[in-house]
*Asks:* 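Below: one structure in structure tokens.
One-based numbering, in listed order, for ligands and for the atoms of each. The analysis underlying the following values was restricted to heavy atoms, covering all of them including side chains, and did not include hydrogens, waters or symmetry mates.
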Amino acid sequence: MSRVLVLNCGSSSLKYRLFDVPATGEPLVVATGTVEQIGERVPGAPHDHAEALAAAMSDLPLDGLTAVGHRVVHGGLMFSTPALVDDAVVAAISDLVPLAPLHNPANLAGIEVARALLPGIPQVAVFDTAFHRTLSPAASTYAIDAETAERYGIHRYGFHGTSHAIVSRRTAALLGRPLDEVNTITLHLGNGASACAVEGGRSIATSMGLSPLEGLVMGTRSGDLDPAIIFHLHRVAGMPFAEIDNLLNRRSGLVGLAGVNDMRTLLTRRAAGDRAAALAFDVYCRRIRSYVGAYYAELGRLDAITFTAGVGENAPAVRAAALAGLDRLGIAVDPARNDTPERGARVISPPDAPVAVCVVPTDEEWEIASQTLGVVAGGAA
Ligand code: AMP
């Protein structure tokens with residue numbers, strides 16, 4: 001049996017999950033938890049990640065721990081697979097901080113603290129970007145001056161890779177077909193949101209780019225917009241770039257349009273006749289539909305569309321609206337199947353529809369644990 005601790009450090013939060021993984025059979029979640037407000041001046045809040053992690057670990061049964069898996073947001077061009085952490089890997093993640101200034105420092109803090117507290121236990125970095133390293137140059141290149149792009153690492157890296165990976169695999173399993181024969185559009189709709197075209201298990205297109213700002217409308221992020229909006233706000237509104245950064249990352253998306261970032265509240269307000277909520281919902285769903293159309297064209301043949309994460313798994317209204325009117329493309333949602341309170345992986349399109357529309361719960365923590373065990377087993381071989 002193996003025991004794996006998964007750590008996901010955000011700028012002011014720490015999420016952890018401890019798994020026991022038998023040689024055969026289902027993994028067991030031994031413990032799970034979240035520490036928030038790290039470093040915030042709130043009574044009782046931990047000062048830093050070291051304090052938060054030490055407190056969390058003192059309550060965990062860590063005897064017999066096999067490995068620690070860390071979620072790392074940005075792996076740049078360097079990491080196409082998970083990496084066993086050593087000083088060189090730490091330095092590489094540190095070099096990528098300019099590309100992920102909010103995320104990579106927090107991920108690094110988790111790695112440093114876990115290395116110090118658990119000496120001798122293998123630590124593995126699992127990157128959000130790695131799954132998208134299969135993008136072709138045509139899919140990952142921005143059409144700007146090539147030399148400038150090369151010098152500053154301007155490239156579509158893509159994110160949410162662990163989620164798109166596990167969800168596309170589970171979609172093939174749900175359909176009872178080999179992964180390499182199934183083409184899927186995965187729609188990860190959580191607080192952050194991204195779409196991915198997965199061809200036979202390989203990511204060939206994804207909506208997030210250099211950073212997690214691009215693509216779908218999100219809880220607080222704008223997703224796609226005309227880059228000239230940024231220059232306009234700078235020139236005409238006199239906004240400094242830091243303020244525009246904050247506007248697009250934290251005060252846009254659903255919260256910018258309707259004042260709420262939680263889809264549940266948005267749906268309640270929309271049902272009560274709130275026009276801002278209705279418009280936000282329409283903008284959100286329309287963007288999803290545009291990506292479905294684009295990725296259908298990229299894939300050529302589409303077998304499945306899969307919704308996942310908080311909104312994707314729990315909001316039938318979003319699923320129905322995003323795919324409404326696409327029957328001629330073989331895409332339809334069965335209202336009864338869509339509205340069922342069932343929670344597991346399931347098909348919500350009508351029987352025999354050419355494209356299976358699915359809902360598949362994501363499990364990024366388990367994907368990180370399983371990739372971590374893969375690295376540790378590979379290293380021992
Ligand atoms: P995640 O980032 O995957 O945890 O997703 C979080 C988001 O999922 C929340 O901000 C909500 O907008 C959304 N969500 C969670 N539960 C529901 C629900 N029952 N109905 C609609 N949206 C939900």
*Asks:* Can you list, pair by pair, the side-chain donor-acceptor contacts under 3.5 Å of residues 250-257, counting residues two or more places apart and other chains?
*Replies:*
residue	atom	partner	partner atom	Å
Ser252	OG	Leu247	O	2.6

*Asks:* Can a salt bridge be assigned to the pair Glu214 and Arg156 using a cut-off of 4.0 Å between side-chain N and carboxylate O?
*Replies:* yes
*Asks:* Provide, to 0.1 Å, the distance between atom 2 (O) of ligand 1 and the closest protein heavy atom, together with that atom's residue and name.
*Replies:* Asn191 N, 2.9 Å
*Asks:* Between Gly190, Gly219, Ala193, flag the one that comes closest to atom 1 (P) of ligand 1 by a heavy atom.
*Replies:* Gly190
*Asks:* Starting from atom 11 (C) of ligand 1, find the nearest protein heavy-atom neighbour and note its residue, name and distance.
*Replies:*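 The closest one turns out to be Asp262 OD1, 3.4 Å.
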*Asks:* List in chain and number order the residues that pass ring pair (Phe, Tyr, Trp, His ring centres under 6.0 Å) with Tyr16, two or more places apart in sequence or in another chain; answer none if no residue qualifies.
*Replies:*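 By the ring pair (Phe, Tyr, Trp, His ring centres under 6.0 Å) rule, Tyr16 matches no residue at all.
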*Asks:* Within the 4.0 Å heavy-atom shell around Val311, which atoms of ligand 1 are there?
*Replies:* 8 (O), 12 (O), 13 (C)
*Asks:* Under the 4.0 Å line, does any protein heavy atom show up next to atom 20 (N) of ligand 1?
*Replies:*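 At least one protein heavy atom is under 4.0 Å away.
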*Asks:* Please write down residue, atom name and distance for the protein heavy atom closest to atom 23 (C) of ligand 1.
*Replies:* Gly310 O, 3.7 Å
*Asks:* Is Met263 in polar range of ligand 1, meaning some N or O pair under 3.5 Å apart?
*Replies:* yes
*Asks:* Parallel, tilted or perpendicular for His164 and His132, by the 30°/60° rule?
*Replies:*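 It falls in the perpendicular class, over 60°.
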*Asks:* For ligand 1, which atoms, with element, lie under 4.0 Å from some heavy atom of Ala309?
*Replies:*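 Numbered from 1, ligand 1 contributes 3 (O).
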*Asks:* Let me check something: do Val357 and Val318 share a hydrophobic cluster, defined by ILVMFWY side-chain heavy atoms less than 4.5 Å apart, either directly or through other members?
*Replies:* yes
*Asks:* Shortest non-hydrogen contact from Ser163 to Thr362?
*Replies:* OG-OG1, 2.7 Å
